[in-house]
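For reference, the structure discussed in these notes is given below.
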Amino acid sequence: MRGLAAACLISFTMTFPDEDSPAAPADANYDEAKIPKYTLPDPLIEEDGSPVTTPEDWPERRAEILALFEEHVYGKTPEAKLPGLHFEARKEVPGFLDGKAVLKEVRVYFTEKNERPYMDLMLVLPADAKGPVPAFLLLNFSGNHSIHPSPEITLPDAWMRETSKTGDLVKDHRAQEAARGFKASRFPLETIVSRGYGLVTAYYGDIDPDFDDGFQNGVHPLFYAEDQKAPKPDEWGSIGAWAWGLSRALDYLETDAAVDAEKVAVLGHSRLGKTSLWAGAQDERFAVVISNDSGCGGAALSRRRIGETVGRINENFPHWFCDNFNQYSGNEDALPVDQHELIALVAPRPVYVASAVGDEWADPKGEFLSAKLAEPVYKLLGKPGLGEGVEGQPPVDHPVGETIGYHIRTGEHDLTLYDWERYLDFADRHLGKGE
Ligand code: GTR
């Protein structure tokens, strides 16, 4: 079986993501044989037990699954947008990337006030575009200046994480010149624009700084009722807020004639891959949804309990999910949903799930299984899903899939040129070439 063969290729050298990862836990399980027996909820069986057999039945079941994810996993998003949402064009550099691109910087103010919280969007668009271009939208971990060394990119004034590893990249929680381009390998701008696509990004901390402060900063307080000090147990955490921010970026793109807002692929890596899936599940304006190494709380099935578990993620990152999610720490079988149903919420739109061999913490096999187990929903809606012949996890570096794309590549937890090339091919197939 191909799936088994691929599983055997998985090396057991553990690596951890480079952001703010706690030390590797000695007791994490990587042994398939030690996974407890589990039964997954069926995306095509309603809560009352009735089967979903026609495409016409799906919207009702979809709403039910979405409500379960809101209540038990990510928390409810309070409102689509606030009435004062507005945009400010701040910069346009026509000769960016040696003339191959146009750089634009736009500030998204979430309310009528010109003050924080706001989100600084950066757009890199092909210079030779004949009309509106399709685009990839993704949040970044370290600021817009980190994605390319150009001094044209405005240095952010937002709070930045400062750790023993950030050195001279961040001082007093502020971005430094030395950090320009230090994450450039994750953003192959030349390749993206040469293929006819735009790249739109923003620093995720503009929406909600990624630390547990009881939700006093970021966008949460904008939505508090009088006397409310924190989200309720079924209200959004940080992933919910970041996903909401992606939708606000799309609100802006709908106003920018240089971008085809009906052809926007939302993409994210790691915790931001969890975020892109949740954004794409909720906001059906996203034409394509891509999860890169998203792991626990992203594409990986929670019930497999391989690598990072619900208990571990809630302990290390108590602000990512809603408080109700804590009930499922060490209690995954009680979850009314599992992550294949998150992928199913994207249907019938194209979705891509990617894994890396050296990313066992994210459970690559569990990521594949989610994609596979979402397929019946795609088929119900008349789409092939992974398509003919993709039964088990494919071999390493062999991308597969039709409406659901999947690959597991050589290497570690990262967003690489290999990943991007697959996403560009996938976008070409589903959005039409960026021409
Ligand atoms: C890790 C976390 C993962 C993943 C990763 C990242 O520490 O355990 O779930 O989100 O961080 O976002 O880099």
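Just so you know, ligand 1 is whichever comes first in the structure, and atom 1 is the first atom listed for that ligand.
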Return yes if a side-chain donor-acceptor contact under 3.5 Å exists between Asp338 and Tyr38, otherwise no. no
Could you go through the ring pair (Phe, Tyr, Trp, His ring centres under 6.0 Å) check for Phe110 and Trp244 one step at a time? CA-CA 11 Å; Phe110 299 123; Trp244 176 89; 5.0 Å; yes
Please state which part of Lys274 comes within less than 4.0 Å of ligand 1, counting heavy atoms only: side chain, backbone, both or neither. side chain
Contact atoms of ligand 1, heavy-atom distance to Trp320 under 4.0 Å: 9 (O), 10 (O)
Report the part of Ile313 (side chain from C-beta onward, or backbone N, CA, C, O) that has a heavy atom under 4.0 Å from ligand 1; answer both or neither where that applies. side chain
Look at ligand 1 and say whether Tyr204 reaches it with a heavy atom at a distance under 4.0 Å. no
Taking distance alone, with no angle check, do Ser294 and ligand 1 share an N/O pair under 3.5 Å? no
Numbered atoms and elements of ligand 1 in range of Trp361, under 4.0 angstrom, heavy atoms: 2 (C), 8 (O)
Tell me whether Arg116 is salt-bridged to Asp157, with the criterion being a basic N under 4.0 Å from an acidic carboxylate O. yes
Tyr74/Phe321 aromatic ring centres below 6.0 Å: yes
Are any side-chain N or O atoms of Glu162 and backbone N or O atoms of Asp172, one a donor and one an acceptor, separated by less than 3.5 Å? yes
Taking everything shown except Lys100 itself, do over 12 heavy atoms lie less than 6.0 Å from its NZ? yes
One pair to check against ring pair (Phe, Tyr, Trp, His ring centres under 6.0 Å): Tyr203 and His145. What are the steps and the verdict? CA-CA 9 Å; Tyr203 170 53; His145 65 302; 8.2 Å; no
The atoms of ligand 1 lying under 4.0 Å from a heavy atom of Ser270, numbered in the order shown, are 4 (C), 5 (C), 6 (C), 10 (O), 12 (O), 13 (O)
Using a 4.0 Å heavy-atom cut-off, say whether Arg271 meets ligand 1 through its side chain, its backbone, both or neither. both
Atoms in ligand 1 flagged as close to Glu308, the criterion being non-hydrogen separation under 4.0 Å: 2 (C), 3 (C), 8 (O), 9 (O)
